[in-house]
Amino acid sequence: MLARCLRWNPTVRFLRESLERAGCPVGDEFFAARRCDEQAGGGFMPGEGVVVCANHVASQDEVNVVVAHELVHALDHCRAANLAWPDLQHHACSEIRAANLSGACHMHREFATRGSDFAFRNGHPQCVRRKAQLSVAMNPFCTQPTPATADGSSSNSNASGDSSSSSSSSSSSSSTACMARARGAVDAVWDVCYRDTTPFDRIP
């Protein structure tokens with residue numbers, strides 16, 4: 001399914017062309033499908049590439065959306081020299097753009113997954129906001145904010161922490177606080193980043 005996506009999906013092909021024009025061409029070796037422990041459809045790792053979590057995607061459509069989503073992150077990483085992924089607002093901006101431009105929030109997908117909970121009025125921005133908040137809440141620096149260096153790395157060598165020492169109550173409290181911080185980060189950059197449809201003329 002990944003090979004088919006790379007060859008035929010128009011959004012993915014356009015994003016790859018955009019990366020090449022921006023000076024960051026990516027070949028087929030930039031993409032990999034593998035089993036993932038994380039509960040995610042895929043991921044972008046600067047300096048490595050895009051991973052599709054084969055054990056968490058079940059259809060060609062899901063693969064297409066995941067790859068497009070991660071390529072938006074790759075493009076943001078390419079075009080923004082000072083992008084620091086540990087910075088929640090930087091991360092939030094890219095997540096807003098990825099959810100907005102990848103097709104993840106197209107009406108037919110939202111209706112298929114949310115059914116009667118789908119809001120026909122303003123459903124698209126609500127979906128983008130929800131997905132961005134959930135993604136930012138997964139940022140390891142959400143619960144342990146650490147000043148980031150210019151290259152996006154952490155200045156704290158022990159930033160990963162030790163979850164084994166946390167009680168269930170403190171873990172729940174941290175999760176709640178993290179969602180609040182993720183929501184705040186998304187809100188802070190929403191107006192600018194939701195309107196930024198680069199490299200598309202409009203939301204595809």
Side-chain angles (χ1 to χ4, degrees), residues 1-2 4-26 28 30-31 40-44 46 49-50 52 57 59-85 87-115 117-139 182-204:
M1 288 192 288
L2 177 57
R4 183 179 180 84
C5 167
L6 298 178
R7 183 173 182 182
W8 297 110
N9 185 266
T11 300
V12 167
R13 292 177 64 178
F14 180 70
L15 285 167
R16 292 182 71 179
E17 291 167 2
S18 299
L19 276 160
E20 184 170 4
R21 287 194 296 270
C24 301
V26 295
D28 287 356
F30 187 75
F31 305 88
F44 164 65
V50 168
V52 175
V57 292
S59 69
Q60 184 67 58
D61 184 65
E62 289 178 351
V63 172
N64 295 344
V65 169
V66 166
V67 174
H69 181 110
E70 304 308 335
L71 281 175
V72 173
H73 290 324
L75 181 61
D76 287 347
H77 188 77
C78 174
R79 71 187 185 122
N82 64 341
L83 194 157
W85 294 103
D87 185 310
L88 296 192
Q89 290 190 14
H90 287 205
H91 185 192
C93 187
S94 192
E95 291 295 350
I96 290 167
R97 284 176 30 76
N100 195 25
L101 304 176
S102 64
C105 289
H106 279 178
M107 183 174 67
H108 73 276
R109 292 191 182 94
E110 272 288 271
F111 186 75
T113 56
R114 295 179 63 81
D117 290 335
F118 173 68
F120 283 94
R121 183 176 183 180
N122 295 323
H124 182 85
Q126 288 178 20
C127 169
V128 171
R129 188 181 291 272
R130 184 184 74 251
K131 287 182 179 294
Q133 289 172 359
L134 290 171
S135 293
V136 174
M138 294 175 66
N139 187 321
R183 189 177 303 111
V186 170
D187 288 346
V189 299
W190 176 262
D191 289 342
V192 171
C193 300
Y194 184 75
R195 289 197 301 265
D196 182 3
T197 61
T198 307
F200 303 93
D201 294 330
R202 59 184 183 275
I203 298 171

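The residues of the chain are indexed from 1 along the displayed sequence.
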Check residues 91-99 and write down every donor-acceptor pair under 3.5 Å in which the side-chain atom is one partner and the other belongs to a residue at least two apart or another chain.
from	atom 1	to	atom 2	distance (Å)
His91	ND1	Asn139	ND2	3.0
His91	NE2	Glu95	OE2	2.8
Ser94	OG	His73	ND1	2.7
Ser94	OG	Asp76	OD2	2.8
Glu95	OE1	His69	NE2	3.2
Glu95	OE1	His73	NE2	3.4
Glu95	OE1	Ser135	OG	3.4
Glu95	OE2	His73	NE2	3.3
Arg97	NE	Asp76	OD1	2.9
Arg97	NE	Asp76	OD2	3.2
Arg97	NH1	Asp196	O	2.9
Arg97	NH1	Thr198	O	2.9
Arg97	NH2	Asp76	OD1	2.8
Arg97	NH2	Thr198	O	2.9

Next item on the list: Assess whether atom CD of Glu20 is packed by more than 12 heavy atoms of other residues, nucleotides or ligands within 6.0 Å.
Entry: no

Next item on the list: Apply disulfide bond (SG atoms under 2.5 Å apart) to Cys5 and list each qualifying residue two or more places apart in sequence or on a separate chain.
Entry: none

Check: Got a sec, which residues hit ring-ring contact (aromatic ring centres under 6.0 Å, His included) with Phe44, two or more places apart in sequence or on another chain?
Finding: His77

Check: By ring-ring contact (aromatic ring centres under 6.0 Å, His included), which residues pair with Tyr194, not counting sequence neighbours?
Finding: Trp190

Next item on the list: Please check if the side chain of His90 supplies one atom and the backbone of Ala84 the other of a donor-acceptor pair under 3.5 Å.
Entry: yes

Notebook entry, point to check: Taking Gln133 for the side chain and Ala182 for the main chain, is one N or O donor matched with an acceptor at less than 3.5 Å?
Noted result: no

Notebook entry, point to check: Just wondering, do Leu15 and Pro199 contact through their side chains at under 4.5 Å, heavy atoms?
Noted result: yes

Next item on the list: Give the minimum heavy-atom separation between Leu2 and Val63, together with the two atoms involved.
Entry: CA-CG1, 4.1 Å

Next item on the list: Output all residues satisfying side chain to side chain contact (heavy atoms under 4.5 Å, CB included) with Ala22, sequence neighbours left out; order by chain, then residue number.
Entry: Leu75, Cys78

Notebook entry, point to check: Looking at residues at least two apart in the chain, or sitting in another chain, which of them share a side chain to side chain contact (heavy atoms under 4.5 Å, CB included) with Ala188?
Noted result: Gln89

Margin query: Within this structure, what is the CG-CZ distance for the pair Leu134 and Arg129, rounded to the nearest 0.5 Å?
Written below: 13.0 Å

Margin query: Distance check, rounded to the nearest 0.5 Å: Phe30 atom CZ versus Leu19 atom CG?
Written below: 7.0 Å

Next item on the list: Keeping to residues at least two apart or across chains, list the side-chain hydrogen bond (donor to acceptor under 3.5 Å, both in side chains) pairs with something in residues 5-19.
Entry: Arg16-Asp28, Ser18-Arg21

Next item on the list: For side chain to side chain contact (heavy atoms under 4.5 Å, CB included), just list the numbers for Phe14 and Leu71, CA-CA rounded to whole Å, side-chain angles, deciding distance to a tenth of an Å, and then say yes or no.
Entry: CA-CA 10 Å; Phe14 180 70; Leu71 281 175; over 6 Å; no

Notebook entry, point to check: Step by step, would you call Asn100 with His124 a side chain to side chain donor-acceptor pair (under 3.5 Å)?
Noted result: CA-CA 8 Å; Asn100 195 25; His124 182 85; 2.7 Å; yes

